[in-house]
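Notes to accompany the following structure.
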2 protein chains.
Amino acid sequence: MTAEPDSALHADAAHPSRREQILQAAARLFAERGSRSVGVDDIGAAVGVTGPAIYRHFAGKDAMLAEMLLRISERLLAGAEQVLADAGDDPAAQLAGLIAFQVDFALDNPALITVQDRDLGALAEADARQVRRLQRRYVEHWVGVLAALSPGSSTADCRARAHALFGLINSTPHSGGRLSRPVMQARLTAMALAAATA
Amino acid sequence: MTAEPDSALHADAAHPSRREQILQAAARLFAERGSRSVGVDDIGAAVGVTGPAIYRHFAGKDAMLAEMLLRISERLLAGAEQVLADAGDDPAAQLAGLIAFQVDFALDNPALITVQDRDLGALAEADARQVRRLQRRYVEHWVGVLAALSPGSSTADCRARAHALFGLINSTPHSGGRLSRPVMQARLTAMALAAATA
DNA sequence: CGCGGACGTGAACCGTGGTTAACCTGACGA
DNA sequence: TCGTCAGGTTAACCACGGTTCACGTCCGCG
C-alpha cells in the first residue's frame, strides 16, 4: 500500500493497477478451478476487496474472461508474427523461433495457457468467434511453416501436427514444475523440434 | 445410435443400459461444455428423459462425474499394465506399446480425454484423491520405461517428458478430426516416438 | 388378480452466486 | 471549503439449477 498507483493507464509490472491485479488474480483462480467454479467474491478477496467492487472495473464476470482470452490470443498472434519477421525466409529458423516463443510463453504464463483451452466455451458466441479467429491465424502461421518444411504433407496433416506440438509444449501446467525453468525449457524445445521433424 | 465413440464406458456395447446411456451422454456433454455448465436436464434430454430421472440411477451429478473419471483412470492403468506385461523386458518395445495404447485410447475416446483433464477439479476431495492415485500409477509406468531408456535422466525429468507426451497424444480432441483415423494414428505415433527419444 | 418394485414425470424447495442499489469516503481542483 | 468523482462497502434482488417429493405407469410374479 506504500506506493501510489498514480496514473492507472500503464500496465506497470511493479505496481499494476487494480484493474490489472484483478485480471491477474482471476486468471490464476480460473486456471485452478475453472471459471464457472470461481465466484466474483473469490476474485475480489484475492486482491483484497469485496466481490461487487469488481463492477467498478469490469462489466461483469464474462467480460473479464472475454478480455483475458482476447489478450492472450492477441499476444500470441503478435508474438508469432514478430518471430516470423525476425527469422527471415528460412523455414527451419522460423520453426525454431515459433517453438522457442511458444515454450517461453507457456512457461511464463501457465495459468493463461490453462484458461485459454479450458474456458473458451464459457464465452458468449460473439467473443468466442473473435478469439477463435485470432487463434486460427496463429495456428495457420505454424501450418505454413510446417508445410514449407515438408512439401509432401497436406494442410490438414500440418494442422494436426501443429496441434500436437501445442499439446506437447502446453503440457507445462500439468508437469508440477519440479524442474528448473532452463531445464524445462530445453526439454520442451528439444522434444518439440524432434516431434516437428518426424 | 449404433457404434458410438467413447465406448470405453460401456459394459455392454450392443444394448447399453439406461445407466450407461446416461454416463455416455454426460461424458459427451461434459467434454463439450464442461461439467459445471451442463445441467441435469441437459443430460436427461440427451437420453430422452427428464432431469430428475437421473436420480433413479445416480446419487447426484457429482457421483456421475466421479464414476466417469474413476472408470477412465482404471481403464488406462489396466491397459498400461497389460501392455507392459505383453511387451516383455524390452524398454523400447514397452514404450512403443504404451504409445500405441494411449494413441488408440485418445482416438477412440476424445470426450473422455477432455473430461479427464478438465473436470478433475470438480470432484469432491475424496474422489479426486483416488483418481489422482490411479493417474499417478499410470504415469509412473511411463516414467519407469523412459528412465530405462535414458539412464542419465532424473525421475523428475522423465515425468516431465511423460506429461509432454500425454499432451502431444491427447491433442486429438483439438485437431478437428479432418484426418482419417489410420493417418492420425500414424502421425501421433511417429511424433510421440520421435519426441520420446529426443 | 393384485401387489410391489423399477422407472418417469411435473411441481416445488432452496442454496448459490451474479448483479444492482444505496450509501460512504478520501483525494483533489476551482 | 465545497463539489465531484473514483473506488469501496453492505444489503437486497433474482435467476438458475441441483435435489426432493408426491404421484403415475408398466411389468413380472405370487
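As the structure is a computational prediction, the values presented were derived from the model and not from experiment. Atom set for the values below is all heavy atoms of this structure, side chains included, hydrogens, waters and symmetry mates excluded. Chain letters run A, B, ... following the sequence lines, proteins first and then strands; every chain starts at 1.
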Taken to the nearest whole Å, CG/A:D41 to P/D:dG8 is 15 Å
What I'd like to find out is whether the side chain of B:L179 reaches to under 4.5 Å of the side chain of A:R159, using heavy atoms alone. no
- Using only side-chain N and O atoms of B:H57, determine if any of them is under 4.0 Å from OP1 or OP2 of C:dA6. no
To the nearest angstrom, the CZ-P distance between B:F58 and C:dC7 comes to 12 Å
Testing the 3.5 Å rule here: is there a donor-acceptor pair between the side chains of B:R161 and B:S153?
yes
From CG of A:D42 across to P of C:dT19 the rounded distance in Å is 14 Å
A:I43 atom CD1 is separated from C:dG18 atom P, nearest whole Å, by 8 Å
* **Any A:R18 side-chain N or O less than 4.0 Å from OP1/OP2 of D:dG8** => yes
task = Describe the nucleic acid contact of A:G60 in one word from base, sugar-phosphate, nothing, applying a heavy-atom distance below 4.0 Å.
result = sugar-phosphate
message: For the residue pair B:N170 / B:Q102, report whether a side-chain donor-acceptor contact shorter than 3.5 Å exists.
response: yes
Check your understanding: How would you label the contact of B:V49 with the nucleic acid (heavy atoms, under 4.0 Å): base, sugar-phosphate, or nothing?
Key -> sugar-phosphate
Considering every strand and a 4.0 Å limit on heavy-atom distances, what is the contact class for B:V47: base, sugar-phosphate, or nothing?
nothing
Atom CZ of B:R19 and atom P of C:dC7 are separated, to the nearest Å, by 11 Å
Report all side-chain donor-acceptor pairs from residues 93-100 of chain B shorter than 3.5 Å, counting only partners two or more places apart or in another chain.
unit_1	atom_1	unit_2	atom_2	d
B:Q94	NE2	B:G88	O	2.9

Contacts of B:P52 and A:G48 projected onto DNA chain D by closest heavy atom; the upstream (5') one is A:G48
Looking only at D:dG18, D:dG7, C:dG18, the nucleotide nearest the A:V40 side chain is C:dG18
Considering only heavy side-chain atoms of A:R56, the closest of D:dA11, D:dG7, D:dG18 is D:dG7
Rounded to whole Å, the CZ-P distance (B:R33 to D:dG17) equals 10 Å
Of B:T50 and A:R36, the one whose nearest nucleotide on DNA chain C sits closer to the 5' end is B:T50
Nearest-nucleotide check on DNA chain D, A:A53 vs B:Y55; residue mapping nearer the 5' end is A:A53
From CD1 of B:I54 across to C1' of C:dA6 the rounded distance in Å is 16 Å
Could you pull out all donor-acceptor pairs under 3.5 Å where a side-chain atom in residues 80-87 of chain A meets a protein atom, sequence neighbours excluded?
unit_1	atom_1	unit_2	atom_2	d
A:Q82	NE2	A:D86	OD1	3.1
A:Q82	NE2	A:D86	OD2	3.4

In whole angstroms, the gap separating P of D:dT19 from CE of B:M64 amounts to 11 Å
